[in-house]
Amino acid sequence: MEFQAPKGTRDFYPKQMAWQNFLFDAWRRVSIRNGFEQIDGPVIELLDLYQIKSGGEMVGQAFRVRHPETEDEQFAIRPEFTPTLARMVAEQANTLPKPIKWFSIPNVCRAERPQRGRLREHWQWNLDIIGLDSMTADAEAIFAAVDLMQELGLGPEHVRVKISHRQTIGHVLSKLGVADDKMVNAFELLDKRDKIEAQAFSQGASKLGLDGDRLDRFDQTCRMKYAAGQLHLLRQQIGIEENLEDLEDLDEKLTAFGIAPWCEYDLGIVRGFAYYTGTVFEIHETSGAERAIAGGGRYDNLIELFGGPKMSAVGFGMGDVVISLVLADKGLKPEDVSPRPHAFIIPEGDDMTGQVTQLAGQLRQQGLHIRFSYKSTRNMGKLLKEADAAHARYAVIINDQIQQDLVNLKDLDSGTQSQVNASQLPDLLQANNTG
RNA sequence: GUGACCGUAGCUCAACUGGUUAGAGCACCGGGUUGUGAUCCCGGGGGUUGGGGGUUCGAGUCCCCUCGGUCACCCCA
């Protein structure tokens with residue numbers, strides 16, 4: 001093979017493309033019925049755009065693009081969409097009706113080694129609500145994510161929304177004696193507690209001023225999980241009296257939205273990005289298989305950072321790779337979602353090719369998905385097999401009787417066949433439109 | 001960027017301790033059985049054994065490099 005697709009990228013042959021479209025359609029359907037509008041931005045952005053956010057942590061992972069004439073290394077292929085979103089919001093902030101509810105399905109690229117669930121290019125459903133301070137926004141974002149899970153056949157037994165809050169964790173930590181200026185370090189340590197050795201964890205904790213009993217409580221705190229609707233237990237056990245308002249508000253709204261059974265509070269969820277300011281959440285497969293399906297949270301300072309007014313914001317991202325893996329794991333990923341032809345036209349007898357193309361043309365102009373064979377064989381068995389391979393819903397078998405407006409309509413799912421009027425075909429086929 | 005394992009046809013695999021022209025099934029394409037999705041029969045396209053170099057009379061097989069895949073780390077969408 002002389003040429004290959006670049007490392008960590010995928011080719012989409014018809015079958016894979018059909019799945020990708022199926023997933024994107026679900027993303028769009030769910031976004032739209034939840035009141036979001038679709039946007040997109042450029043695939044390349046000025047490299048500087050990624051320097052703004054928290055010290056440019058993303059710049060190192062971005063593919064660089066040089067201008068062929070100036071040779072300046074000033075562009076980056078977008079490694080994530082949030083900076084583009086923030087830029088777009090900041091630019092039009094004063095004229096856009098609030099709250100802004102946008103979604104997008106951009107492809108994003110990162111120059112890291114591929115591994116399970118993480119490739120160099122993937123498509124990411126982003127959904128954000130900007131300019132709404134209320135926890136209704138957080139609840140609505142989570143609802144949309146859950147709505148999508150349900151749309152794809154997943155239930156609370158398959159996936160769980162794990163919710164935390166940076167200020168709540170901050171209070172717990174500060175109560176345990178972590179200084180404010182070490183809070184960011186504490187979040188980082190919390191984030192990687194399951195990935196590092198117990199000893200490394202204790203050492204890190206010790207640097208933050210957490211030893212002995214306090215360390216145990218820290219560890220215990222980040223492992224506690226409470227079902228939505230059980231927040232009072234969390235309050236009791238952590239022993240915080242204050243600042244659970246956000247979570248309590250959120251809890252109420254998740255319950256009202258009817259998705260409490262999908263959600264739990266897990267103070268171990270931190271999220272790697274530094275720009276989150278409040279709620280943070282991830283969706284995981286319940287047994288912990290695969291990576292996080294989605295992740296997001298509140299980032300109330302970001303629009304301002306990009307030169308806009310101070311606006312609250314909450315949103316999440318969901319990549320196409322992990323959700324597909326999870327669905328496949330659960331046996332919920334359809335084998336083939338290619339569009340099904342309404343009918344496959346088969347000639348019976350000699351010299352029918354003219355009638356086949358004529359009928360195909362007529363039906364296609366009616367908006368129907370029609371196919372026929374290019375083979376010269378008149379072997380009915382082979383032609384039906386071809387119709388079956390194309391996943392056609394019906395076979396329309398035509399012979400001389402088409403002169404009398406008569407054709408045979410064979411239901412390829414049930415195997416039954418009947419004679420019908422050719423002129424009725426558009427109605428008959430449309431009535432069983434399976435896409 | 002670091003580490004581990006793995007690369008023979010589109011897929012699953014075969015080829016004795018290195019030994020003729022690298023095979024088979026499935027898939028794909030064409031044809032036959034005058035035929036309604038099966039079965040069966042015939043034929044066909046496909047591989048510089050991922051690529052390059054080395055050892056050898058001789059390499060798919062042994063060695064090195066490289067590319068790619070998988071998984072983990074790093075980091076996180």
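Labels below follow one simple rule: chain letters A, B, ... track the order of the sequence lines, proteins then strands, and each chain is numbered from 1.
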Salt bridge [X]-[Y], side-chain N to carboxylate O under 4.0 Å:
| X | Y | result |
| --- | --- | --- |
| A/Asp336 | A/Lys15 | no |
| A/Arg116 | A/Glu290 | yes |
| A/Lys101 | A/Glu140 | yes |
| A/Glu45 | A/Arg87 | yes |
| A/Arg29 | A/Asp25 | no |
| A/Lys162 | A/Glu264 | yes |
| A/Asp413 | A/Arg340 | yes |

**Item:** Residues A/Tyr265 and A/Asp251: side-chain donor-acceptor under 3.5 angstrom
**Value:**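 Per modelled atom types, A/Tyr265 and A/Asp251 side chains form a pair under 3.5 Å.
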**Message:** Is it true that A/Asn301 and A/Thr277 share a donor-acceptor pair across their side chains at a distance under 3.5 Å?
**Reply:**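 No, because no side-chain N or O of A/Thr277 sits under 3.5 Å from a partner of the opposite role on A/Asn301.
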What integer number of Å spans the [atom1] atoms of [N] and [M]?
| N | M | atom1 | result |
| --- | --- | --- | --- |
| B/U8 | B/U48 | C1' | 13 Å |
| B/A22 | B/U33 | P | 36 Å |
| B/A27 | B/C74 | P | 45 Å |
| B/A15 | B/U61 | C1' | 10 Å |
| B/G47 | B/A24 | C1' | 14 Å |
| B/C62 | B/G1 | P | 28 Å |
| B/G18 | B/C63 | P | 11 Å |
| B/G50 | B/U36 | P | 46 Å |

**Message:** Base, sugar-phosphate or nothing for A/Ile293? Non-hydrogen atoms, less than 4.0 Å.
**Reply:**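 No contact at all - A/Ile293 keeps every heavy atom at 4.0 Å or more from the nucleic acid.
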**Prompt:** Glycosidic conformation of B/U39, syn or anti, with 90° from 0 as the boundary?
**Reply:**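 With its glycosidic angle more than 90° from zero, B/U39 counts as anti.
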**Message:** I need the full list of salt bridge (Lys or Arg N to Asp or Glu O under 4.0 Å) pairs touching residues 34-44 of chain A, with sequence neighbours left out, sorted by first then second residue.
**Reply:**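 Listed by first then second residue: A/Asp40-A/Arg78.
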**Item:** Between CZ on residue A/Arg28 and CZ on residue A/Arg33, distance to nearest 0.5 Å
**Value:**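 The CZ atom of A/Arg28 sits 14.5 Å away from the CZ atom of A/Arg33.
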**Message:** Please enumerate all residues that pass side-chain contact (heavy atoms from CB on, under 4.5 Å) together with A/Lys385, with sequence neighbours excluded.
**Reply:**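 Testing A/Lys385 for side-chain contact (heavy atoms from CB on, under 4.5 Å), a comparison that skips the adjacent residues, returns none.
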Whole-Å gap separating [atom2] ([N]) and [atom1] ([X]):
| X | N | atom1 | atom2 | result |
| --- | --- | --- | --- | --- |
| A/His122 | B/C75 | NE2 | P | 18 Å |
| A/Arg120 | B/C74 | CZ | P | 18 Å |
| A/Leu119 | B/U70 | CG | C1' | 12 Å |
| A/Arg116 | B/C74 | CZ | C1' | 20 Å |

**Request:** Quick one, give me the B/S/- string for nucleotides 31-38 of chain B, reading 5' to 3', where B means a protein heavy atom under 4.0 Å from the base and S means that only happens at the primed atoms, P, OP1 or OP2.
**Result:** BBB-BBBS
Could I get a table of every N or O pair under 3.5 Å where one atom is in the protein and the other is in nucleotides 1-8 of chain B?
residue : atom : partner  : partner atom : Å
B/U2    : O4   : A/Arg113 : NH1          : 3.1
B/G3    : O6   : A/Arg113 : NH2          : 3.1

**Message:** Go through it in stages, so that I can follow the logic: the residues are A/Phe143 and A/Trp262, the test is ring-ring contact (aromatic ring centres under 6.0 Å, His included), and I'd like the CA-CA distance, side-chain angles, deciding distance and then a yes or no.
**Reply:** CA-CA 10 Å; A/Phe143 179 85; A/Trp262 298 71; 9.6 Å; no
**Prompt:** Relative to each other, are the rings of A/Trp27 and A/Trp125 parallel, tilted or perpendicular (30° and 60° limits)?
**Reply:**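 Parallel, since the angle between the ring planes stays under 30°.
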**Range-with-range stems for RNA chain B, at least three Watson-Crick or G-U pairs under 3.5 Å** =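 The stems that RNA chain B takes part in, listed by first number, are B:1-7 with B:67-73, B:10-13 with B:23-26, B:28-32 with B:40-44, B:50-54 with B:62-66.
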**Message:** I need the residues from residues 5-16 of chain A with at least one non-hydrogen atom less than 4.0 Å from RNA chain B; give them sorted by number, or say none.
**Reply:**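 Output list: A/Lys7, A/Gly8.
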